[in-house]
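All chains are named by letter (A, B, ...) in the order of the sequence lines, taking the proteins before the strands, and each is independently numbered beginning at 1.
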There are 2 protein chains.
Amino acid sequence: MNATIKDVAKKAGVAISTVSLVVNHKGHVAKETELKVLRAIKELNYHPQRSARGLVTKQSGNFGFILNGNHFSQAEPFYTKIFLGTEIQARSFDYYILLTTITQNVTPKNIPRFLLERNVDGVILAGSVPHKIVDYLHKNQLPFILIDYYFPERHDSTILTDNAMGIRLVIDHLLELGHRDLAFIGGDMGHPSMQKRCSTFKSYLQQKGAPIEDAKIDCIEEHSGTESGFAATTRLLEKNISISAIVAANDAMAVGALRACRDRKIRIPEEIAITGFDDVESSITARPTLTTVHVPKEEMGAAAVRHLVDVINGRQSEGVRIIMPVKLVARESTLGAIPPG
Amino acid sequence: MNATIKDVAKKAGVAISTVSLVVNHKGHVAKETELKVLRAIKELNYHPQRSARGLVTKQSGNFGFILNGNHFSQAEPFYTKIFLGTEIQARSFDYYILLTTITQNVTPKNIPRFLLERNVDGVILAGSVPHKIVDYLHKNQLPFILIDYYFPERHDSTILTDNAMGIRLVIDHLLELGHRDLAFIGGDMGHPSMQKRCSTFKSYLQQKGAPIEDAKIDCIEEHSGTESGFAATTRLLEKNISISAIVAANDAMAVGALRACRDRKIRIPEEIAITGFDDVESSITARPTLTTVHVPKEEMGAAAVRHLVDVINGRQSEGVRIIMPVKLVARESTLGAIPPG
DNA sequence: TATAGTAATCGAAACGTTTCGACATTATTT
DNA sequence: AAATAATGTCGAAACGTTTCGATTACTATA
């Protein structure tokens, strides 16, 4: 039904191998011959078939994207953006993305099928991901890169956000606004990003000579969603200690904090200012809009793809650690309502 | 490096073809032989290679997912959920999804590459999608199915939401609450779902004997996002006509309506009730929470995949129209604040 | 008992590419 | 003018599967 390289060769009156050379821009082909071949290709609407090509080159033209299923349902917008970033960048390099979500507890044999069947040329892993999979990739020498996660004891290629910088920006912003009693809420402390945000909060505040009390830090929540933010904030408020601003470990928790305050008729930011982290959609749909740290999510996905492509082409070796810059986005939850007009 | 079928054959002491028969559960293989082969497979950790298999079977083990790029950035949560639904269901059938976003105006030659390279066994198209692509699929006899979109003049396999039922549920709900002056805001009227929601609003209201005035229907917005909802609502409110409830064509527009009312200090739902459609995340994070029509997004994706699988296996022919049921989710934007505790 | 059918296994062809080495021709260097 | 290098083209092997007869050995049917 569909034209093959053979048909093209016949129509152009050349050998199959010559067509291949033209298609792949390899070797020395006379201008004239090339034209003949190109014309035949166009006329027959020929496109090389992936599987045939892959059989000999051992390249699939795909990247795998592995995502913790919990993440995708919970912190959806964050990882969706990253995924979108990979998709677009991958397309520009003529790759496709095979997405799969995995459950946290990988049973012995649920390595994603695309790995077993060697149907990907590289793998992107976003968020917390089982050690076992990374081991598998390592053993099979498949290029891979982690996004927003890492194993402290290993030296994998990784893309991280500048969590420390983000927290510093937030603190500077709040201090500048005159806040003195800062609190911190976090959760999911198994995640290195969360840990970093929390630890930076403490260390930087100390460095700034601001008072820092453990009572104002609540990081015991297991997850880091809206409910967790709500719960943590409620606990803080019930302590009846002086708090003028709450720094949340991410936007979802900040929204929870917003809600907890709202329930108690606490005015934001007049009585308590609140900040988030990530700059996902909800930070702008929330009322008041959320002051937060912008994380370049799409760019992180794109950078991951570029790295894989570079590794495959031997232009870069594995083991790099890319730290993406962040910036502060000041909105109503610290500045107050922007006067209309 | 990796074991091939040859290695398995040698280790098991049988012919290559016998191994193939075992792997594919075909033909008559003696129990004993089968066991030998299976043991060899396990020992060598053998998995058939996709591209080699695909070369001869002409099956890729992939489905394509084509999405209008605008949709994915604008109405992200809606289509993300659908995509997620396809992914999970596809995995259960041992398929993978290749996602690609396309720009609305398909230039002559930007047919997704996975189609040209015959790298998918079927295609799912979500949201408004160019006619040209559907033509291509038809011509190449690739099974495909549309989600939340259709061409009136064609009979493609399609998965739709019960838009008419949704609007009827909303209207019944509002009438029951005693509302009489219902308004409607919509946008993106090129989309059949939007059209249906609007037309049902008119016809059902009429059927119910309720007053229906064109002045209370605003569907001129080009898009259907938050800003459009804001703009449409503003226009309605400035007319200074009596409105007790606003039915929005989707959640995003409803959120815009919420905001427009909030800006004018209109209390919701005491002065004006507002309803959405789709039941995406924002309808629950919005304040007040949004009464809306729940659309089973994941299920729609899953159903699409099942249909493709059925078509491929000859169990079903193309051209079906599946209408997914919807249900009303009543929340604060019509009922008022739920008293705590 | 001869014949047809079925079970079990195998070898070889085929799928559509890329790539390697061979060969002829032409250009460049000595 | 001879030797070498570069250019242009090609045929054939290889990639790892599935599938299609062919072959043999049984088993059931006429």
message = Ring centres under 6.0 Å, that's the criterion: do A/Tyr96 and A/Phe63 meet it?
response = no
inquiry  = Going by side chain to side chain contact (heavy atoms under 4.5 Å, CB included), B/Thr86 matches just one of B/Leu99, B/Ile97, B/Leu308. Which one?
reply    = B/Ile97
query = Is the cationic atom of B/Arg321 (NZ for Lys, CZ for Arg) positioned less than 6.0 Å from the six-membered ring centroid of B/Tyr150 and within 45 degrees of its normal?
reply = yes
task = Whole angstrom is fine here: how far is it from CZ in B/Arg50 over to P in D/dT17?
result = 12 Å
ask   = To the side chain of B/Leu55, which of D/dT18, C/dT9, C/dG16 is closest?
value = C/dG16
query = With respect to the phosphate group of C/dT18, does any side-chain polar atom (N or O) of A/Lys26 fall under 4.0 Å of OP1 or OP2?
reply = no
Rounded distance (Å) that lies between atom P of D/dG16 and atom CG of A/Asn119 = 15 Å
key: CZ on A/Arg118 to NE2 on B/His47, rounded to 0.5 Å   = 8.0 Å
request  = Write down the distance between NZ (A/Lys36) and C1' (D/dT9), rounded to a whole number of angstrom.
outcome  = 10 Å
message = Expressed as a whole number of angstroms, how long is the span from B/Ile5:CD1 to C/dG11:P?
response = 14 Å
ask   = Over how many whole Å does the gap from A/Gln59 atom CD to C/dT19 atom C1' extend?
value = 14 Å
message = What's A/Thr33 touching, base or sugar-phosphate or nothing? Going by heavy atoms closer than 4.0 Å.
response = sugar-phosphate
key: Nearest-nucleotide comparison on DNA chain C, the residue closer to the 5′ end among B/Val29 and A/Thr18   = B/Val29
task = Specify the separation, in whole Å, of atom CG of B/Asp7 and atom C1' of D/dC15.
result = 13 Å
Among C/dT17, D/dC10, C/dA8, the one nearest A/Pro48 by side-chain distance = C/dT17
message = Students often get this wrong, so: under 4.0 angstrom with heavy atoms, is A/Val14 touching a base, only sugar-phosphate, or nothing?
response = sugar-phosphate
inquiry  = Pick the closest DNA chain C nucleotide for A/Val23 and for B/Glu34 by heavy atoms, then say which residue is nearer the 5' end.
reply    = B/Glu34
query = To the nearest angstrom, how far is A/Ile41 atom CD1 from C/dT17 atom C1'?
reply = 13 Å
inquiry  = Is A/Thr57 close enough to C/dT18 that one of its side-chain N or O atoms is under 4.0 Å from OP1 or OP2 there?
reply    = no
query = Looking for any heavy atom pair under 4.0 Å, which part of the strands does A/Ser17 touch: base, sugar-phosphate only, or nothing?
reply = base
message = In this structure, is the centre-to-centre distance between the rings of A/Phe65 and A/Phe83 below 6.0 Å?
response = yes
task = Describe the nucleic acid contact of A/Ser20 in one word from base, sugar-phosphate, nothing, applying a heavy-atom distance below 4.0 Å.
result = base
key: Residue B/His28, side-chain heavy atoms: nucleotide from D/dT18, C/dA8, C/dG16 that is nearest   = C/dA8
request  = Take B/Lys297 and B/Asp148, measure what salt bridge (Lys or Arg N to Asp or Glu O under 4.0 Å) needs, and give me the verdict at the end.
outcome  = CA-CA 10 Å; B/Lys297 299 165 283 293; B/Asp148 192 37; over 6 Å; no
request  = Examine D/dG16: is either OP1 or OP2 under 4.0 Å from a nitrogen or oxygen in the side chain of A/Lys58? Give yes or no.
outcome  = yes
Residue mapping more 5' on DNA chain D - nearest nucleotide basis, B/Gln49 or A/Gly13 = A/Gly13
task = Rounded to the nearest angstrom, tell me the gap between atom OH in B/Tyr46 and atom P in D/dG16.
result = 10 Å
message = Nearest to the A/Val56 side chain among D/dT9, C/dT17, D/dT18, which nucleotide is it?
response = C/dT17
